[in-house]
Amino acid sequence: MATQIQKILIDDLDGGEASETVTFAIDGAAYEIDLSGDNAKKLRDALSQFVSSARRAESTPARGRRRGAGQRPSREKSSEIRAWAKAHGISVSERGRIASSVVEKYEAAH
């Protein structure tokens, strides 16, 4: 028995058929919108003046996402984070995983 699954994009602006998903970001928040070719062109045209004068931002890990296995702080970095947290009156365990909220505060300060 065969199964065929068809994904149909609906334009988020006008409810018609969309041809693509457009991704953009502003003020630190990323967005996706499904648009027809005409509406995608309108969006790109509206932003083109700003995009042509802008510079690409370095990608940063999204807040609130769990870090992958290769992205945990090293032992040396963990020691730095613990020392920084203690110096700033933030409760942190002597051993084990450092709470992500503490790591985020450390990274925001550096």
Side-chain angles (χ1 to χ4, degrees):
M1 178 181 293
T3 302
Q4 183 178 19
I5 299 173
Q6 187 175 17
K7 181 179 178 181
I8 300 173
L9 294 177
I10 306 297
D11 189 300
D12 292 324
L13 288 181
D14 62 21
E17 188 175 332
S19 58
E20 63 182 296
T21 301
V22 178
T23 304
F24 61 98
I26 188 165
D27 295 336
Y31 299 91
E32 284 186 343
I33 188 167
D34 298 327
L35 297 172
S36 66
D38 288 342
N39 284 335
K41 183 177 181 336
K42 288 178 189 175
L43 175 61
R44 288 184 177 103
D45 288 347
L47 294 174
S48 67
Q49 175 185 359
F50 300 97
V51 172
S52 65
S53 297
R55 62 188 170 279
R56 287 193 177 256
E58 293 183 28
S59 68
T60 57
R63 288 187 151 187
R65 287 195 181 169
R66 191 172 181 169
R67 294 171 179 257
Q71 297 176 337
R72 292 191 178 112
S74 66
R75 287 179 191 237
E76 184 177 299
K77 180 111 176 192
S78 293
S79 296
E80 290 175 22
I81 295 170
R82 282 189 171 90
W84 175 87
K86 289 176 187 176
H88 289 86
I90 300 170
S91 177
V92 64
S93 63
E94 292 296 325
R95 295 178 11 168
R97 184 177 170 273
I98 300 172
S100 61
S101 61
V102 175
V103 175
E104 286 174 6
K105 288 176 185 176
Y106 171 83
E107 289 175 348
H110 293 89

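When all heavy atoms of Arg44 and Glu20 are compared, the pair lying nearest together is NH2-OE1, 2.9 Å. Annotation for Ser19 and Ser36: closest pair OG-C, 3.6 Å, computed over non-hydrogen atoms. When all heavy atoms of Ile90 and Lys105 are compared, the pair lying nearest together is CD1-CD, 4.1 Å. The minimum heavy-atom distance linking Gly15 with Ile10 is given by the pair O-CG2, 3.4 Å. Annotation for Lys77 and Tyr106: closest pair CE-CE2, 3.7 Å, computed over non-hydrogen atoms. Considering every non-hydrogen atom in both Val102 and Ser91, the closest pair reads CG2-O, 4.3 Å.
One hydrophobic cluster, built from ILVMFWY side chains closer than 4.5 Å, cannot hold both Phe50 and Leu43; they sit in different ones. Leu13 and Leu9 fall into different hydrophobic clusters, defined by Ile, Leu, Val, Met, Phe, Trp and Tyr side-chain heavy atoms under 4.5 Å apart, directly or through other members. The cluster map of Ile, Leu, Val, Met, Phe, Trp and Tyr, joined by side-chain heavy atoms under 4.5 Å apart, puts Phe24 and Val51 in the same cluster. Hydrophobic cluster membership differs between Ile8 and Val22, with clusters built from Ile, Leu, Val, Met, Phe, Trp and Tyr side chains linked at under 4.5 angstrom.
At least one donor-acceptor pair under 3.5 Å links the side chain of Ser52 to the backbone N or O of Gln49. Side-chain N or O atoms of Asp12 include one that pairs as donor or acceptor with a backbone N or O of Asp34 at under 3.5 Å.
Here the CZ-CZ distance, from Arg82 to Arg95, works out to 9.5 Å after rounding to the nearest 0.5 Å.
Asn39 places a side-chain heavy atom less than 4.5 Å from the side chain of Asp14. Side-chain contact between Lys42 and Asp45 is absent, with no heavy atoms from C-beta onward closer than 4.5 Å.
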